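Along the sequence shown, the residues carry numbers beginning at 1. Since this is a predicted model, take the numbers as computed values, not measurements.
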Amino acid sequence: MGSRSTLLDGRCTISRCLPLSLYCARRTRSLKNDHGLTHVAKRFNSDMPPSTVSSRHFYQNETLLDFAARSSRPVSLRQLAFFGMKLTNEKIIQSANFVRQELPTRMAHRIHDMQSLPYSIVRNNHISYVYELYYHSFNTIRRFPVIKTVEDNDRFCDVLRELLAHHTAVIPHLVMGVIECSDLIDPEKMDNFMESMLRSRISRRVVTEQHIALTDAFLKDPNFKPTEQVGQVFFQCSAADVVRQCDTLARSITQSSREGIPIPELVFEGDVNTKFACVASHLRYMVGEILRNTFEASAERYQAMGDPPAPVLVTIIDAPQHVTFRFSDRAGGIPPEIIPYLWSFAKGPRSMIRHHNFKQVPVLEAIVEELETSVAVSMGQRKRISSLTSLTTRSPTLRLGMGLPMCKIYAEFWGGKIAVKSIEGFGCDVFLHISKLGNESRFVQMNNI
């Protein structure tokens, strides 16, 4: 094969790879290589490349190819919200079977994307770790029997919680693998691969966590009628309150490592009473990352120049289609050598520092997972796993260089966007646009499989 492949077109650069369509026509048998939770958990503690990453495993798996050829069933944020307004046994079971059918399809597409990378990249320890984790989850969920009772769903939710716990280390391994392999493939293609993996991950976690949240609410009170939130969706999320919550957290974290350094105060203007429907944990993550960057830059500028920090101006605009946040600081702006790589996962002048910091993330219980990741399976105690919080609670000295790229993915996932305007030596304006539920966001289908 002489032509070079692209990432997502179903081809690889190694000699024994063929396009997916050709393999679908030629496949003869499936590879029986299945893994239980205990086996995979042991391998996850190993530094050795996963045993499932082999060319034979890649291209002779009929089951995986069958799932990868399927399309996902789209679901919108509006549907998620209104589905849970009145819960019944039948609706909980319907939701469970939707998740049971959707997750293997969506994971099969991502596994195929990894197969479509050059084989030398997938053999990277970090990428192969993610591959085996995805393959194990794919097998686990697709084999779960049809859910017919609430008790079946209870067991299914236990499986989902355990898989969510395993997946808390996905992002650090992906980023370390991308950095290590950045010279083996075009950086733009690697960033596209990373964005595709993360967008899909958001959609899967939203669907999964919404189902778990609805199940928990139903088990607690079958007659529960939500007024402020359904699962993860908040109907009346206060824009200013979210900023204040993130300010408190980001401020305390910054001060914990910079004792005695003044942190700028926030000054609000605009439509400060704005309330809108959104997945609040995602909004808190984005706002938290923006404020962390601002406070860190302000502290560094104070240490270098000694001038008291100017307040950060927070403007909130309630437009018909979007809610817009603008954060204006006077923290000195972004170094010009960083700006070309502001949205990149793969490249940049500080990539080796980021790689070193990411090595500490698994030790910190996958701190890159965002705002409520607390898993207690040890004493049989259930605790809800939310995919967004420990990123915002990591140490300020642990710079990962992925805050803005992740914010971009989250904003675009919900039909919004983020933009940064920097004036070197002065400061930055960060604009965050979030679509409202019932406007553009009702068309944002979570089929980013």
Has the side chain of Ser298 got a donor or acceptor atom that lies under 3.5 Å from a matching backbone atom of Pro309? no
Approximate separation, where rounding is to 0.5 Å, of Leu313 CG and Arg330 CZ: 11.5 Å
Asn124 side chain to Ile127 main-chain N or O, any donor-acceptor pair under 3.5 Å? yes
Hey, is the main chain of Arg70 close enough, under 3.5 Å, to the side chain of His109 for a donor-acceptor pair? yes
Quick one: does Asn139's side chain get under 4.5 Å of Arg142's, heavy atoms only? yes
Cation-pi, Phe295 ring and Arg251 (6.0 angstrom, 45 degrees): yes
Under a 4.5 Å cut-off applied to non-hydrogen side-chain atoms, are Tyr410 and Leu283 in contact? no
Any carboxylate oxygen within less than 4.0 angstrom of a Lys/Arg side-chain nitrogen, looking at Lys436 and Asp318? yes
Surrounding CD1 of Ile339 (heavy atoms of other residues, nucleotides or ligands, distance under 6.0 Å), is the total greater than 12? yes
Is it the case that Arg204 and Ser200 place a side-chain donor and acceptor less than 3.5 Å from each other? yes
Distance-only, no hydrogens or angles: does the Ser256 side chain make a donor-acceptor pair with backbone N or O of Ile253 under 3.5 Å? yes
Side chain to side chain contact (heavy atoms under 4.5 Å, CB included) assessment of Val170 paired with Arg201: CA-CA 10 Å; Val170 164; Arg201 184 175 184 274; 4.1 Å; yes
For Asn273, I'd like to know if atom CG has over 12 heavy atoms of other residues, nucleotides or ligands within 6.0 Å. no
Side-chain (Ser196) to main-chain (Asn192) donor-acceptor, under 3.5 angstrom: no
Within a strict 4.5 Å, meaning less than it, do heavy atoms of the Phe327 and Asp429 side chains meet? no
Within 45° cone and under 6.0 Å: Arg244 NZ/CZ vs Phe268 ring: yes
Assess whether side chain to side chain contact (heavy atoms under 4.5 Å, CB included) is satisfied between His167 and Leu133, documenting all intermediate values. CA-CA 7 Å; His167 278 250; Leu133 183 60; 3.7 Å; yes
Sub-3.5 Å donor-acceptor pair from the side chain of Asp329 to the main-chain atoms of Cys428, do we have one? yes
Measure from the side-chain N and O atoms of Glu209 to the backbone N and O of Leu164, and report whether any donor-acceptor pair falls under 3.5 Å. no
So Thr254 and Arg292, side-chain hydrogen bond (donor to acceptor under 3.5 Å, both in side chains) or not? Walk me through it. CA-CA 7 Å; Thr254 304; Arg292 280 177 62 98; over 6 Å; no
